[in-house]
Amino acid sequence: MARTRLTHTGDTPLIAAVEGLCFAGKSTLIRHLAPLLDAVVAPEYTDLADLPPWPPTSQDDVTTALHRLLELEQGRAADARARLAHRSTADGPGIVLLDRSPLTLIAHEHGMRALNVPADPAGAAHLYADAADAASIMTPDVYLYLVVPDQITAARRAARGAVAAHLDDPRVRDRIDGLCRTWMAGLPPARRLVLDATVAPEDLARIAAGYVRAFDPGSPAPPSWRSLADHAAERAPA
């Protein structure tokens, strides 16, 4: 498989977050995309540790969970930076693929509001934005958002097995998807690509690789996640 050479020539790695609902095919895309870009992969949170207990019984539980997930995020960043440091610099600073990012964690808090359990969307937005400002985590330069029809989701769920019930609740999925699509719609085109996840993974990877390869680091920067603190999670056009 031929590798796609990046045109990014800055002195920092390019960070691409792969986002989407459960069963969208994020990890599958990353498996096909990483070799094309010779990218370092930051695994999904559930591949690193068990998720915090659910449901939370208090706001203290929510705060504890958010800080635990921040620790995982910081660990992913440290590991990715260490792996990049051991690579040759001949091809530039490299690229990191995040299998989900703090956007997911903020959107999750909005989703939990649909179930009327303790949640803290504003606290999550500020917590991860503060960490981004301190550079203790990796902030995405670009977002790749996978969308898939409900019938395909159902088929994949049947084939792979269900996820935690609260993450698969239609109300939660709709709230999370709505917030993420609103976020994507507000980004400059150079910073986000919405992908049809029904396309064959190898073809999808080639599309995504071409997009990442053409990234212009001079394009307007994404806003801070703080802008999501009080954001209404309403569906917006892609």
Apply side-chain contact (heavy atoms from CB on, under 4.5 Å) to residues F215 and D141 and explain how you reach the verdict. CA-CA 9 Å; F215 173 69; D141 297 297; 4.0 Å; yes
Is there a side-chain contact (heavy atoms from CB on, under 4.5 Å) between L204 and H32? Walk through the geometry before answering. CA-CA 9 Å; L204 205 61; H32 287 81; over 6 Å; no
M138 and R81: CA distance, side-chain angles, deciding distance, side-chain contact (heavy atoms from CB on, under 4.5 Å) verdict: CA-CA 9 Å; M138 288 184 158; R81 287 166 175 153; 3.4 Å; yes
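Heavy atoms only, all atoms of each residue included: V62 and A119 are closest at CG2-N, 3.9 Å. Of all heavy-atom pairs spanning T57 and P118, the tightest one is C-CG, 4.0 Å. L84 and P93 make their closest contact through CD2-O, 3.8 Å (heavy atoms, listed as atom of the first residue, atom of the second, distance). Of all heavy-atom pairs between A24 and V148, the closest is CA-CG1, 4.0 Å. Residues L33 and A205 come closest through the heavy atom pair CD1-O, 3.5 Å. When all heavy atoms are compared, the tightest approach of A132 to T139 is CB-OG1, 3.2 Å.
Atom OG1 in T46 sits 8.0 Å away from atom CG in L48 (nearest 0.5 Å). One distance of note links CG of L14 with CD1 of I95; it measures 4.5 Å at 0.5 Å rounding. In this structure, CG in L69 is found 5.5 Å from CG in L105, a value given to the nearest 0.5 Å.
Scanning for side-chain contact (heavy atoms from CB on, under 4.5 Å) contacts around A200 gives E202, D203, with sequence neighbours left out. Considering only residues two or more places apart in sequence or on other chains, H166 meets the ring-ring contact (aromatic ring centres under 6.0 Å, His included) condition with W54. Residues satisfying the side-chain hydrogen bond (donor to acceptor under 3.5 Å, both in side chains) test with S227, not counting sequence neighbours, are none. Shown here are the salt bridge (Lys or Arg N to Asp or Glu O under 4.0 Å) partners of R171, two or more places apart in sequence or in another chain: D169. P188 pairs by the side-chain contact (heavy atoms from CB on, under 4.5 Å) definition with R191, P220, not counting sequence neighbours. The side-chain hydrogen bond (donor to acceptor under 3.5 Å, both in side chains) check on R31 picks up T28, with sequence neighbours excluded.
Pairs of residues two or more places apart, or lying in two chains, that qualify as salt bridge (charged side-chain N to carboxylate O under 4.0 Å, His left out) and include a residue from residues 99-121 are E44-R100. Listed by first and then second residue, the side chain to side chain donor-acceptor pair (under 3.5 Å) pairs that reach into residues 63-77 are Y45-E73, Y45-R76, R68-E71, E73-R76, Q74-S136, sequence neighbours excluded. Screening residues 47-64 for salt bridge (charged side-chain N to carboxylate O under 4.0 Å, His left out), with sequence neighbours left out, gives no hits. Applying the salt bridge (charged side-chain N to carboxylate O under 4.0 Å, His left out) test to every pair with at least one member in residues 151-168, sequence neighbours left out, gives these pairs: R157-D168, D168-R173.
In the hydrophobic clustering of this structure, I152 does not group with L144; members are Ile, Leu, Val, Met, Phe, Trp, Tyr whose side-chain heavy atoms approach within less than 4.5 Å, directly or through other members.
A 4.5 Å side-chain heavy-atom check between P149 and T153 finds every atom pair outside the cut-off. Here the side chains of V142 and L193 are not in contact, with every heavy-atom distance at 4.5 Å or above. Counting heavy atoms from C-beta outward, E19 and L146 have side chains that stay 4.5 Å or more apart. Contact check for S27 versus L29: no side-chain heavy atoms found under the 4.5 Å cut-off. L103 has its side chain within reach of M184: a pair of non-hydrogen atoms, C-beta onward, lies under 4.5 Å apart. In this structure, the side chains of W183 and L179 stay at 4.5 Å or more apart for every pair of heavy atoms. Looking at V40 and R87, their side chains come closer than 4.5 Å, going by heavy atoms from C-beta outward. In this structure the side chain of P102 reaches within 4.5 angstrom of the side chain of I137, judged on heavy atoms.
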Give every donor-acceptor pair under 3.5 Å between a side-chain atom in residues 122-131 and any protein atom, sequence neighbours left out.
unit_1: Y128; atom_1: OH; unit_2: L66; atom_2: O; d: 3.0
unit_1: D130; atom_1: OD1; unit_2: R226; atom_2: NH2; d: 2.3

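Not one N or O on the side chain of R192 forms a donor-acceptor pair closer than 3.5 Å with the backbone of Y143.
Under a 4.5 Å side-chain heavy-atom criterion applied to ILVMFWY residues, the cluster that includes V163 comprises F23, L51, L167 as well.
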